[in-house]
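Fair warning: this is a prediction, and the values are worked out from it, not measured in the lab. Residue numbers begin at 1 in each chain, while the letters A, B, ... track the order of the sequences.
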There are 2 protein chains.
Amino acid sequence: MDTAERLIESTRALLWERGYTGTSPKAIQQRAGAGQGSMYHHFTGKPDLALAAIRRTAREMRAKAEELFSAPGTAVERVTAYLHRERDVLKGCPIGRLTQDPEIMADAELRAPVGETLDWLRERLAKLLAEGRGRGELSAALDPARTAATIVATLQGGYVLARAAGSVEPFDQAIAGVLGLLAAHAGPR
Amino acid sequence: MDTAERLIESTRALLWERGYTGTSPKAIQQRAGAGQGSMYHHFTGKPDLALAAIRRTAREMRAKAEELFSAPGTAVERVTAYLHRERDVLKGCPIGRLTQDPEIMADAELRAPVGETLDWLRERLAKLLAEGRGRGELSAALDPARTAATIVATLQGGYVLARAAGSVEPFDQAIAGVLGLLAAHAGPR
DNA sequence: GTCTATACATGGATAGAC
DNA sequence: GTCTATCCATGTATAGAC
């Protein structure tokens with residue numbers, strides 16, 4: 001892995017652990033094993049490096065989700081697989097956490113990939129639910145867009161509850177709860 | 001309002017807008033119209049002031065929620081009233097956002113009120129749902145603790161989605177979605 | 001490409017005068 | 001109680017040598 005690469009990976013890790021405001025160029029360099037001059041040779045500054053890191057994380061998140069959404073099975077099975085996939089729950093969502101960072105929100109360029117990723121996630125899930133409903137797997141009364149927003153919110157909020165509690169338990173409960181509610185919507189009508 | 005009071009209120013506002021890591025003593029002082037010496041006379045430092053601010057915000061949040069939870073009406077009506085109460089959605093939850101702050105999470109004293117508040121909220125909601133189920137307002141198949149976690153997570157995650165999108169729409173959708181799912185659980189059995 | 005030196009602002013706090 | 005002066009570390013970046 002060359003230096004530029006190590007700098008991006010270092011930034012990704014720190015943005016996840018400490019956010020943008022809480023991450024200094026020096027910390028990035030030390031974690032990457034790169035010097036001051038090296039970082040400013042490859043990137044114009046902290047925002048430039050953060051942009052590269054955020055874009056990569058967003059792309060990865062989307063790819064991993066799409067893999068599960070396009071797998072075989074019913075809509076509910078695929079949503080369940082997505083919600084149950086392995087996650088570093090106590091670290092939270094590397095994209096969602098950025099919405100709490102004042103400097104990310106103040107910079108349109110840094111903010112864009114965050115908004116686009118979560119928008120895409122809701123839309124993709126809504127499409128999946130609509131298909132399931134069309135095949136009679138889900139009640140006709142179920143609203144795909146609203147339910148998709150609820151599912152993504154349950155995930156993002158589950159991370160918040162887990163971090164607050166210092167335990168994965170509330171996350172697991174929230175996921176089990178939303179799947180329980182969804183189960184009552186099985187079958188058409 | 002005396003100086004100590006203004007400092008606490010200033011800190012509350014800044015913690016909400018920028019988090020702990022993103023808030024400097026100087027910013028607190030300027031917003032409070034207080035000098036350097038004044039702040040360090042009333043508080044031992046930034047963590048001391050933040051603790052006072054967080055405790056007050058936590059107490060307020062709890063009181064406002066309890067008011068709606070103990071109002072007249074069915075369990076679903078009270079949950080609905082709570083979810084629909086007026087909120088500054090794009091600012092997010094002043095307590096939940098602190099879970100993303102590395103310095104808050106690293107300090108047990110600052111972290112405690114955050115964890116306690118969200119724990120209380122889940123437990124209180126679970127109790128409300130259990131009562132509703134006991135009175136036959138909700139299906140016997142509904143799990144109160146899990147569903148409570150889902151409801152709180154939907155709120156916390158709804159804020160994340162709204163901030164990411166720069167719009168309240170996904171928040172409103174997530175709330176409508178979870179209430180729609182809950183509606184299917186009306187009646188006993 | 002990488003290193004060291006340098007720069008200047010801000011963060012966070014203490015000291016002592018009033 | 002509040003003000004000003006002072007302090008040292010860190011944040012963020014530039015300059016120029018190698």
Side-chain angles (χ1 to χ4, degrees), chain A residues 1-56 97-98 100-111, chain B residues 1-56 97-98 100-111:
Chain A
M1 202 162 50
D2 67 9
T3 303
E5 198 59 23
R6 289 202 319 278
L7 283 164
I8 294 178
E9 289 303 316
S10 163
T11 304
R12 295 216 301 156
L14 286 165
L15 286 181
W16 195 1
E17 288 169 20
R18 309 191 38 86
Y20 182 86
T21 301
T23 295
S24 70
K26 180 184 288 195
I28 293 173
Q29 293 150 205
Q30 286 177 340
R31 185 164 193 142
Q36 192 107 312
S38 197
M39 170 179 149
Y40 286 100
H41 171 74
H42 293 286
F43 299 91
T44 68
K46 180 174 151 179
D48 186 32
L49 190 38
L51 186 57
I54 294 171
R55 284 189 175 146
R56 181 176 296 183
R97 82 113 62 216
L98 300 177
Q100 303 303 319
D101 201 300
E103 297 185 71
I104 297 280
M105 296 306 280
D107 182 325
E109 215 169 1
L110 293 177
R111 185 182 168 159
Chain B
M1 204 160 51
D2 67 9
T3 302
E5 198 59 25
R6 288 203 319 278
L7 283 164
I8 294 178
E9 289 303 315
S10 164
T11 304
R12 294 215 302 155
L14 285 165
L15 286 181
W16 196 0
E17 288 168 20
R18 305 190 44 85
Y20 182 86
T21 300
T23 295
S24 70
K26 180 185 287 196
I28 293 173
Q29 293 151 205
Q30 286 177 341
R31 186 165 191 141
Q36 192 105 311
S38 197
M39 171 180 145
Y40 286 100
H41 170 75
H42 292 287
F43 300 92
T44 68
K46 181 175 150 179
D48 185 33
L49 191 39
L51 186 57
I54 294 171
R55 285 191 172 145
R56 181 177 296 184
R97 84 112 62 213
L98 300 177
Q100 303 304 318
D101 201 299
E103 299 185 70
I104 296 280
M105 296 306 279
D107 181 326
E109 213 169 6
L110 293 177
R111 186 183 166 158

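Between A/Met1 atom CE and C/dG1 atom C1' there is a gap of 17 Å when expressed in whole angstrom units. In this structure, CD1 of A/Ile28 is placed 13 Å from C1' of D/dA13, rounded to the nearest angstrom. Taking atom CE of B/Met39 as the reference point, atom P of C/dG11 lies 12 Å away to the nearest angstrom. Following rounding to the nearest Å, A/Leu49 (CG) and D/dA13 (P) show an atom-to-atom distance of 10 Å. Atom-to-atom, CG of B/Leu14 to P of C/dG12 comes out at 12 Å; the value is rounded to the nearest Å. Between the C1' atom of D/dT10 and the CD atom of B/Glu103 lies a distance of 12 Å, rounded to the nearest Å. A straight line from CG of A/Leu7 to P of C/dG1 spans 13 Å, rounded to a whole angstrom. Atom CZ in B/Phe43 sits about 13 Å away from atom P in D/dG1, given to the nearest Å.
A/Asp101 and A/Gly19 get closest at one heavy-atom pair: OD2-C, 3.5 Å. Minimum interatomic distance between A/Ala34 and A/Thr3 (heavy atoms only, all atoms of both residues): CB-CG2, 4.0 Å. For the pair B/Ala50 and B/Thr11, the tightest heavy-atom approach, listed with the atom from each and the gap, is CA-CG2, 4.1 Å.
Applying a 4.0 Å cut-off to non-hydrogen atoms, the residues of residues 15-27 of chain A that approach DNA chain D are A/Thr23, A/Ser24, A/Pro25, listed by residue number.
Nearest to the side-chain atoms of A/Ser38 among the listed nucleotides D/dT12, D/dT2, C/dC3 stands C/dC3. Relative to the side chain of A/Tyr40, the nucleotides C/dG12, D/dG1, D/dA13 differ in distance, and D/dA13 lies closest. In this structure, of C/dA13, D/dG1, C/dA5, it is C/dA13 that holds the atom nearest to the side chain of B/Gln36.
Proximity of B/Gln29 to B/Ser38: side-chain heavy atoms (C-beta onward) are nowhere separated by under 4.5 Å.
Between B/Glu17 and B/Arg97 there is no salt bridge, since no side-chain N of the basic residue sits under 4.0 Å from a carboxylate O of the acidic one.
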Could you run down the sub-3.5 Å N/O contacts of the protein with nucleotides 16-18 of chain D?
none

Give the C-alpha distance, both sets of side-chain angles, the deciding distance and a yes or no for salt bridge (Lys or Arg N to Asp or Glu O under 4.0 Å) between B/Glu9 and B/Arg6.
CA-CA 5 Å; B/Glu9 289 303 315; B/Arg6 288 203 319 278; over 6 Å; no
Would you check, one step at a time, whether the test salt bridge (Lys or Arg N to Asp or Glu O under 4.0 Å) holds for B/Arg111 with B/Glu103?
CA-CA 9 Å; B/Arg111 186 183 166 158; B/Glu103 299 185 70; over 6 Å; no
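In this model, the phosphate group of D/dC3 is not approached by any side-chain N or O of B/His41 to a distance below 4.0 Å at OP1 or OP2.
Both tests hold for A/Lys46 against A/Tyr20: distance to the six-membered ring centre under 6.0 Å, angle to the ring axis within 45°.
Between the side chain of A/Ser10 and the backbone N or O of A/Ile28, at least one donor-acceptor pair lies under 3.5 Å.
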